[in-house]
Amino acid sequence: MGSNSEFLNIKDVSTAFKIKGKYYDAISHINLEVHHDEILAIVGESGCGKSTLATTIMGLHDPSETKITGKVDFEGTDLLQLDENGYNQFRGAKIGMIFQDPLSALNPLKRIEDQISEVMNYHTKFTAEQKHQRVLELLDQVGIVNPKRTAHQFPHELSGGMRQRVIIAIAIACKPDLIIADEPTTALDVTIQAQILDVLRDIQKENHAGIILITHDLGVVAETADRVAVMYAGQIVEEGSAEQIFDQPKHPYTRSLLRSMPQLDKENDDLYVIKGNVPSLQKMPTDGDRFAPRIPWLPDDAHEAEPSMHEVDDGHIVRCTCYKSFTFPDEQQGGATA
Amino acid sequence: MSLVEIKDLKVHYPIRSGFWNRITDSVKAVDGISFNIEAGETYGLVGESGSGKSTTGKSVVGLEKVTSGSVMYKGKDITKKSNRKSLDYNHDVQMIFQDSLSSLNPRKRIEDIIAEPLRNFEHLSKDEEKLRVLQLLDIVGLDADALYKYPHQFSGGQRQRIGVARAVATNPKLIIADEPVSALDLSVQAQVLNFMKKIQREFGISYLFISHDLGVVRHMCNNIAIMNRGRLVEIGTRDDIYNHPMHIYTKRLLAAIPETNVSQRAEHRAQRLAVEEVYREQQDKYYDKDGQAYPLVQITPTHSVALPEDLVEQLKHEGEVQA
Amino acid sequence: MWKTILRRILIMIPEVIILSILVFLLAKAMPGDPFTGSINPRSDPAQIHHLMKLNGLYDPWYQQYWNWVVHLFHGNLGNSYQYQEPVTRLIGSRAVNTLWLALFTTILTYCFALPMGMFAAKHEGKLPDSIIRVYTYVTYCIPFFVILVIGVWIFGYVLGWFPTTGSISSTANPGIQTIGSRFYHILLPGILGALFGTVNVVQYLRSEVIDAKRSDYVRTARSKGVPSKDIYRHHIFRNSLLPIAAFAGYSITGLLNGSLFTETVFSYPGMGLLFINSISYRDYTVITALVLIYGILNLLGTLLSDIILSIVDPRIRIQ
Amino acid sequence: GCSNNSSSESSDAAVKLSTAYNNKAATNKNATKNGTLKLAIVNNAPFQGITDPILASNAEDAEAFAPGGQNNLFNVDKNYKIIDGGLANQKLDRKAKTATITIRKDAKWSNGSPVTAKDVEYAYEVLGNKETTSQQYSSDFEDIEGMTEYHKGKADTISGITFPDGETGKVAVIHFKQMAPSMKFSGNSYIWGSIEPYEYIKDVPIAKLASSEQIRKNPIFVGPYKLDKVVEGESTSWSPNKFYYGKKAQIGHITLNVVSMNNIDKALQSKKYDTVAPSVAGALGGTDYKNLKNLKGYSKVGQPALGYSYFAFNLGHYDTKTGKNVADPNKKMANKSLRQAMMYALNVDQVSKKFGNGIKWRANTLLPPVFNKYYDKSAKGYPLNIKKANKLLDDAGYKKRNGSKWRSDPKGKKLVIYFGAMTSSATTEATYQDYLQQWHKVGLDVKYTSGKPVEMNSFYDTLQKPEQNKMDIWLGAWSLSSEPSQSQLYGDTAAFNMGHFTTAKNTKLINQMNDNGAWNDKTRAKTFKEWQEYMNNQAGVVGEQFNYAWQPVNNRVKGFDLSPANDEFYSNLTLTSSKLK
Amino acid sequence: MEENLNRHSRISAADLERLSKEAQQEATPSSAKIIWSEFKADKPAMVALVIVVAFILFVMIASLFIDTPKMMETNIMNYNTAPGTNGFILGADTGGRSIAQQLIVGSRNSIGIAIGLTIISSTFGICWGLVSGYFNGYIDWGMQRVYDFMMMLPMTMMIIVLVTIIRNYNAVTLTLIFSIFYWEGTSRLIRSRTLSESEKDYVAAAKTSGTSNFKIIFKEIMPNISSLIIVDTTLSFAENIGVETGLSYLGFGLPIHTPSLGTLIANANDPNNITQYWWTWLPAALLIIILCLSISYIGQVVRRSADASQRQGAEA
Ligand SMILES: Nc1ncnc2c1ncn2[C@@H]1O[C@H](COP(=O)(O)OP(=O)(O)OP(=O)(O)O)[C@@H](O)[C@H]1O
Ligand SMILES: Nc1ncnc2c1ncn2[C@@H]1O[C@H](COP(=O)(O)OP(=O)(O)OP(=O)(O)O)[C@@H](O)[C@H]1O
Ligand SMILES: [Mg+2]
Ligand SMILES: [Mg+2]
């Protein structure tokens with residue numbers, strides 16, 4: 001380990017949910033890779049399929065309700081081909097997952113210690129004593145001040161930040177290569193968010209793990225991510241290093257997002273608003289550029305009929321060629337955007 | 001005279017315990033805060049979760065039973081129910097809620113939701129009322145189609161705009177906006193913030209804008225109060241707070257805001273850790289022995305900070321406090 | 001914790017007092033008196049008046065109530081007119097039977113209901129689930145006594161597998177035979193009661209398990225790599241069984257209610273049958289005592305449930 | 001001693017039953033000792049477990065402890081007349097006004113201790129004690145010298161009962177203020193027919209006797225069987241009492257179990273019991289008869305029951321001051337013709353046939369045929385005769401006026417008659433309906449009191465008021481003592497005379513039943529017959545139905561005889577096989 | 001305000017009609033329509049609905065043509081006549097009374113009692129629960145003590161005692177007696193939902209809009225728990241049909257000459273009837289089962305249509 005090699009390779013993965021007997025793609029044809037020692041951030045609006053991607057990797061979907069295609073190549077194994085038992089060798093051991101809602105993600109009736117050591121029951125041969133030690137060690141590692149006390153407590157006795165730390169402890173208990181963190185800080189205060197992100201980063205350094213960080217907060221991405229993938233409507237629209245994305249955003253969607261953030265300098269101006277809404281799953285356009293309806297001023301021929309990924313820079317990929325001719329309306333006219 | 005003057009407001013929730021289930025203690029959700037909201041301004045109230053922001057907001061709008069202190073409006077203390085009644089207080093002061101879905105009755109049509117305050121305070125004919133609702137919808141950028149639909153048929157941003165429409169229906173003087181955008185996506189958030197600003201411009205409304213997002217607050221507010229553990233630790237203009245924070249808590253809060261400037265993230269982090277460090281070391285200094293903030297001390301005409309006396313002295317020496 | 005329980009019990013006291021007055025008055029308001037029934041040419045009305053007077057039945061109600069309360073504090077619920085023995089002893093001997101049956105029914109109910117509820121929830125929406133749900137619907141709609149009457153008829157008389165009256169065989173020798181015979185006598189009523197009682201538990205458990213299945217902490221457990229059977233065992237079942245355990249206390253009310261029917265059908269000498277008989281005998285002391293006891297048992301049932309809940313659920317555990 | 005007597009010759013029942021089941025088929029079979037005779041006590045409630053016949057107020061307890069002999073003092077003949085040969089002999093001395101009771105020498109309690117004269121006396125103490133819980137005391141006992149004082153608590157003992165040989169001797173003499181002919185019969189209200197084990201229970205206060213261990217848990221008896229175990233309220237089991245003075249018990253075990261009325265047919269059909277515990281009033285009804293009459297392996301046994309059902313009319317009130325019933329000529333039902341017409345309108349014969357299934361028949365008088373000597377077989381009673389009913393009404397002026405559907409009273413006022421009935425089985429309530437319909441047929445507007453049959457307690461609550469106007473006619477039933485005097489039911493001072501029917505003639509006849517002349521059995525019988533005729537004619541109270549006390553008996557049982565003269569009932573029973581047939 | 005709005009909005013009085021028409025076209029179907037479409041999509045539910053409605057109508061109308069006193073006249077010649085003989089379609093009971101006719105009148109009585117009981121107890125229970133759940137403080141505290149007390153009462157026993165006290169009860173009094181005891185369960189359910197409902201922001205919003213408490217309870221909160229109310233009411237209706245039967249069985253229900261499903265089933269009291277004269281009780285028992293099943297099935301469908309995620313019917 002320790003090399004900077006890629007170890008997770010997501011190839012052409014689509015996940016479709018069954019709604020009233022029909023399947024609808026929540027994510028379609030996703031390609032991504034994750035390397036050791038890096039934090040890959042996935043950003044996008046609510047409902048664009050971020051969590052679906054994460055749960056697809058974790059194999060948490062009910063096979064009778066979903067249809068998954070493609071390949072998730074994890075250290076040479078295609079996870080999607082595994083059965084439940086096979087998956088369990090990876091979950092918890094090689095892949096850890098952190099969920100958004102820290103209260104409901106913990107079993108309310110079990111002590112923190114039991115919940116952490118449970119993961120070790122299945123992936124290690126530790127004795128009870130070793131497990132206990134490891135639990136304390138982990139709690140310490142995620143920044144809990146009094147591990148002994150906390151280990152003995154129940155989830156409801158902890159604050160949100162503490163609970164999230166416990167969940168992180170569970171995720172890293174077996175030193176996984178990959179940690180998937182699905183909006184780990186959305187429910188938390190900024191100060192705690194900063195601490196949690198620090199913990200994540202420290203862990204990544206220590207374990208040489210790769211982290212997929214899912215969030216919709218561009219600030220968090222900018223602070224933590226090495227690489228960023230921007231998702232829109234189930235597809236990746238742009239991917240690149242953090243600098244590339246923030247300093248030279250290409251895709252109209254990325255640029256719109258950045259523009260709608262309240263900025264320090266332009267205090268009293270109106271914010272940029274993306275026209276229209278994210279289409280719902282059932283009304284998702286199946287061909288063409290899915291973002292096209294939201295930048296109607298761009299001529300139709302600016303979009304590719306079947307959008308493909310274009311490498312614009314080293315490791316900087318953009319979906320569709322529309323970025324080339326894209327400008328904001330006010331950049332031409334200087335009018336209001338509402 | 002300010003539009004609303006909040007004086008030494010306290011809201012304590014009783015904690016019952018012991019054998020007879022008597023009140024043995026209380027959660028001091030709001031513990032003696034004072035500030036004024038001027039007509040036409042947006043007043044920001046910032047703080048961590050649980051610091052008492054919502055409770056303050058609810059007290060101002062009259063939803064919460066106040067333990068002590070007063071909220072003066074038009075010379076009357078509206079913490080008393082009778083005064084609220086006689087003033088038709090809620091005709092003038094309205095509220096926008098954080099959770100747009102739960103704040104709209106799922107069983108009512110949009111028309112009825114928006115018309116609700118109208119029906120209670122203004123007695124219009126059916127057509128007048130409908131026209132008014134349509135105009136309100138138009139102002140918040142929704143089509144007439146919305147009239148007979150139900151809340152769940154709208155997106156979060158649209159719902160929040162319906163909430164705004166309801167709040168402005170009676171042309172209030174003040175709207176309490178309790179985290180109106182924190183549940184929304186970035187692009188939708190922008191939409192709602194724009195509308196709030198537009199309406200303020202057009203109707204001359206004041207906002208008490210409650211949020212924990214310092215970025216949004218900076219975008220929206222002229223005056224800001226920082227709340228911590230039920231007390232105010234710092235109030236001042238936007239410039240005072242963002243460029244000259246005095247209280248250690250404010251500093252820490254500001255340092256924790258993620259920076260979108262990728263190239264400087266290392267420095268930013270170092271700076272944040274430094275502030276954290278200071279915070280850990282000097283925490284005791286800024287809070288009294290019960291862990292509560294000190295009373296506010298005016299430092300400039302616009303800027304007040306909850307500092308212990310010795311620190312104030314020290315600052316005076318350094319000439320930072322203007323006499 | 002103990003303080004809370006004690007406080008709960010203290011709060012119960014006024015309720016019990018109100019109930020006792022209510023019941024006392026209602027019992028007195030019933031037409032007739034304990035001696036109306038014993039109307040045969042051999043008993044002399046003068047003697048009956050004498051007995052009425054002796055028992056203070058001509059006193060004003062508050063005086064009777066007061067006497068009753070005073071006796072109550074001496075652990076004396078009065079004498080049964082019909083049975084001519086202290087009510088405490090009379091009810092004591094019947095209570096044992098009722099509680100035996102109730103306990104056995106409860107155990108059986110859970111023996112039936114737990115596997116059924118879990119099985120149904122585990123295979124939600126599939127055939128076994130549908131079968132179990134149809135079973136619960138149908139059982140739910142049949143009046144309890146119809147189940148009992150048909151059950152007795154088939155298994156007691158036609159097939160002759162079970163005794164049909166009483167609580168114990170008259171020929172059983174003390175010791176193991178007695179226990180065996182007692183058990184044999186509550187077997188059929190227990191099973192029938194359980195078949196009926198199962199319905200509620202199954203429905204409740206099923207929805208609990210389904211909720212648990214969809215919960216976030218189960219997703220967390222899956223992402224830990226916990227095999228699905230262990231998830232069921234350690235997380236889903238455990239979490240959904242706890243509220244069910246508490247359900248046991250609440251179900252006391254149902255059991256007691258059912259005892260009126262079961263004991264009537266099986267001529268099983270428990271408190272329920274005693275009540276029905278005492279009503280027609282106007283045995284006031286027994287009626288008041290029984291209603292009061294049932295009321296207190298109901299109270300204790302809810303208290304028990306609350307205690308169980310607060311013990312097993314750390315979220316509401318009382319320090 | 002088997003009795004071949006059959007008393008059914010006098011009944012109008014459709015079926016004829018023998019009182020005894022001799023089991024000829026089994027006579028040559030040897031009796032077996034290692035079987036258990038299983039008897040069912042037919043009752044909806046558990047029995048109360050009071051072994052003492054003085055304290056028990058119900059039939060179930062008597063049945064449950066019958067194998068213990070009920071501590072009965074005397075043997076009787078088929079007419080319930082006291083005869084010698086039992087536990088004790090009784091000698092009445094009319095001149096000295098004494099009854100001398102001599103206990104047989106070898107009489108012992110089931111714990112081996114001898115029966116003494118004090119045991120005879122103690123029964124009176126228990127009965128008459130001021131604090132007793134017994135309901136059996138009646139003013140008749142105050143004819144015993146000193147009883148009044150004892151009952152009021154003024155005396156510690158009853159001065160009128162003496163022991164010529166001392167308390168532990170065998171002779172007790174009772175001194176009366178006056179003697180009554182009914183003393184010759186068992187069940188009379190002057191001489192108590194059972195004893196109390198004085199030595200065994202003397203330490204228990206009489207007020208607490210009923211709940212004492214000695215009475216409930218470990219009672220002792222003088223009969224052929226001793227109690228092995230009692231399961232409270234449910235069952236008793238018995239084995240032979242080796243101290244029994246008379247014929248030795250022949251069955252190893254006897255058990256008696258309570259079985260509810262609903263279940264008894266099924267229980268017998270599934271051969272859980274040999275038979276039901278005999279009851280003088282009859283444990284089984286007509287429906288049971290229908291279900292069980294052809295039961296394989298069982299034979300039917302029966303005799304007319306010691307009881308009857310009756311219609312009574314509300315004719316007056318009870319004067320609480322004088323303690324007398326007073327007839328009131330203004331009562332709605334005071335018109336004899338009206339009463340007679342109502343009775344003629346009924347088709348009791350048909351109803352009995354249909355629902356009685358042969359074991360019930362119309363009562364032609366107020367004395368059931370079980371009282372062989374007194375029963376007036378020839379009495380006509382009130383068979384269905386609509387014509388006569390209409391004529392009676394028309395003649396008496398009860399006419400339909402103004403085109404009304406209903407008859408009005410002679411004065412032309414509206415006549416609504418309220419009929420009181422107790423809630424009961426569906427069959428019985430169907431019968432009530434039928435009666436109402438019959439009355440409607442003759443134009444009488446008869447309605448249920450309060451619209452429906454009322455529950456037993458409310459029913460008697462109403463009737464026992466000194467004066468009531470809610471029920472004009474009602475249907476009740478009496479189960480009787482084995483001594484047929486009528487003063488307790490129809491005497492002018494009787495509180496149970498709830499219709500308050502009194503006439504000078506009635507009072508005279510009832511007094512005659514127990515006056516000096518009545519010592520002559522023939523004269524007494526004549527008085528009874530005369531009284532029955534008079535009552536029939538007056539129709540103040542009219543018998544509804546008589547019935548058989550019948551029961552099926554399993555064919556393995558030998559020596560089963562219900563006759564009252566069978567004084568050794570349980571000793572005479574034998575089993576011919578250890579399993580039910 | 002008005003000019004203010006007119007200034008900032010493009011919409012004026014002139015557009016009113018056109019716009020409301022437009023809105024009308026986009027209007028969402030009412031919940032009644034949603035429930036109806038749910039029934040149309042679920043065949044068994046439709047069957048259940050038809051059974052229940054048709055049966056109730058049939059019983060109500062048919063019983064008008066039956067002379068009850070005459071029907072209840074005994075005709076001892078027809079004692080327990082078997083079905084199909086003597087013109088008795090379903091046989092006769094002990095009193096020779098037609099079972100078929102009793103079934104009709106009895107169903108009407110039982111359903112009447114059940115409806116009456118459901119209406120009285122639910123209305124009361126719902127109001128009690130709403131008020132108790134909405135207000136906190138002493139009102140709620142006091143109302144909760146009443147719950148505790150009701151919870152303690154042994155229901156069947158109390159009903160038996162009351163029924164013995166009231167000598168002249170009929171179907172109406174019986175319904176009232178039942179109602180005293182059967183509102184508690186519903187009420188508790190409503191209270192707990194009201195409690196969570198009144199914490200939602202729309203209630204706060206209504207308060208700040210100046211809406212009175214009374215209006216908030218009945219116009220804001222109640223519609224939101226209407227699906228719970230409907231479901232609970234249907235289910236308790238099904239349950240209430242069974243209430244009277246049990247008491248009749250114990251002998252404390254309706255008098256014999258007032259036929260009801262309960263008195264009919266109580267014929268099963270006598271084991272002889274169970275086998276020999278099965279027609280005296282079995283039809284009534286089957287009827288109850290079918291009725292209860294249908295009603296609770298309908299309840300399920302209503303519950304489902306209230307929960308958008310489970311709907312099977314077309315999204316109209
Ligand atoms: N089990 C499911 N069945 C059907 N549709 C689903 C399911 N899970 C998710 N979806 C739909 O798939 C789409 C993507 O959902 P997903 O949760 O992955 O979004 P997300 O990007 O994580 O959003 P958020 O930021 O709100 O968490 C959404 O439209 C959602 O409604
Ligand atoms: N009804 C109540 N009873 C008891 N304590 C309460 C109640 N409502 C609020 N509190 C407590 O009062 C404090 C302040 O709550 P408040 O809701 O005002 O915080 P907030 O600043 O709005 O937090 P957030 O950002 O999470 O909304 C918290 O500690 C909270 O737990
Ligand atoms: Mg998500
Ligand atoms: Mg808040």
Side-chain angles (χ1 to χ4, degrees), chain B residues 58 61-63 88-91 93-111 113 116-122 127-128 130-132 134-139 143-153 163 166-167 169-171 176 178 198-199 202-204, chain E residues 1-31 34 136-137 141 196-213 215-216 219-227 229 306-309 315:
Chain B
K58 284 186 185 157
V61 84
L63 280 175
D88 258 358
Y89 181 67
N90 285 120
H91 185 264
V93 177
Q94 281 285 336
M95 183 148 180
I96 305 173
F97 298 86
Q98 168 172 9
D99 182 352
S100 60
L101 190 57
S102 106
S103 70
L104 304 179
N105 190 334
R107 285 304 167 108
K108 284 171 86 173
R109 293 161 189 267
I110 301 306
E111 181 191 20
I113 290 176
E116 189 177 2
L118 293 175
R119 288 176 189 163
N120 288 324
F121 293 114
E122 291 172 37
D127 280 351
E128 280 172 340
K130 188 168 274 171
L131 178 62
R132 188 77 78 80
L134 284 168
Q135 289 175 332
L136 285 163
L137 282 174
D138 180 47
I139 285 174
D143 286 342
D145 306 355
L147 216 51
Y148 299 120
K149 286 186 178 163
Y150 289 93
H152 69 90
Q153 291 169 293
R166 170 176 58 188
T170 52
N171 197 12
I176 316 291
D178 188 358
K198 176 180 156 207
I199 282 161
E202 289 170 0
F203 296 92
Chain E
M1 179 71 202
E2 214 179 321
E3 25 2 306
N4 216 339
L5 268 176
N6 286 337
R7 190 144 37 82
H8 295 292
S9 167
R10 290 170 281 120
I11 296 175
S12 62
D15 306 316
L16 184 62
E17 199 159 319
R18 177 180 55 83
L19 285 175
S20 19
K21 216 178 237 155
E22 267 174 36
Q24 207 73 55
Q25 282 163 358
E26 288 285 318
T28 323
S30 67
S31 35
I34 292 175
N136 33 33
W141 187 86
S196 65
E197 212 59 34
S198 38
E199 262 160 33
K200 293 201 176 147
D201 284 339
Y202 72 83
V203 174
K207 281 187 197 161
T208 56
S209 305
T211 309
S212 68
N213 285 332
K215 260 193 171 166
I216 293 182
K219 292 234 163 125
E220 303 274 336
I221 296 179
M222 200 159 92
N224 275 294
I225 55 176
S226 61
S227 70
I229 291 176
D307 180 354
S309 65
E315 208 84 11

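All chains are named by letter (A, B, ...) in the order of the sequence lines, taking the proteins before the strands, and each is independently numbered beginning at 1.
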CE on B:Met95 to NZ on E:Lys207, rounded to 0.5 Å:
11.5 Å
Contacting moiety of B:Asp178, where chain E heavy atoms sit under 4.5 Å
neither
Counting heavy-atom pairs under 4.5 Å with chain E, which one of B:Asn105, B:Asp88, B:Ile176, B:Leu147 comes out on top?
B:Asn105
I'd like to know if B:Arg107 pairs up with E:Glu220 as an ion pair, taking the criterion as any Lys NZ or Arg NE/NH1/NH2 lying under 4.0 Å from an Asp or Glu carboxylate oxygen.
no
If you draw a 6.0 Å radius around NZ in B:Lys108, do more than 12 non-hydrogen atoms from other residues or ligands fall strictly inside?
yes
Locate the shortest heavy-atom distance separating B:Phe121 from E:Gly210; write the atom from each residue and the value.
CZ-CA, 3.7 Å
Quick check for you: among B:Ala144, B:Pro117, B:Ser102, B:Ser100, which has the greatest number of heavy-atom pairs under 4.5 Å with chain E?
B:Ser102
Please list, chain by chain and in numerical order, all residues satisfying salt bridge (Lys or Arg N to Asp or Glu O under 4.0 Å) with B:Lys130, sequence neighbours excluded.
none
So what's closer than 4.5 Å to chain E heavy atoms on B:Arg166: side chain, backbone, both or neither?
side chain
Sequence neighbours left out, what passes side-chain hydrogen bond (donor to acceptor under 3.5 Å, both in side chains) with E:Ser198? Give chain and number order.
none
Side chain, backbone, both or neither: which part of E:Ser212 has an atom under 4.5 Å from a heavy atom of chain B?
neither
Backbone N or O of E:Thr208 within a donor-acceptor pair of the B:Gln94 side chain at under 3.5 Å?
yes
Would you mind reporting whether B:Pro106 and E:Tyr202 have side-chain heavy atoms less than 4.5 Å apart?
yes
Any donor-acceptor N/O pair, B:Ser103 side chain to E:Asp201 backbone, under 3.5 Å
no
Chain E heavy atoms under 4.5 Å from B:Leu104: which part of the residue, side chain, backbone, both or neither?
backbone
For the residue pair E:Ser209 and B:Asn120, confirm or rule out a side-chain donor-acceptor distance under 3.5 Å.
no
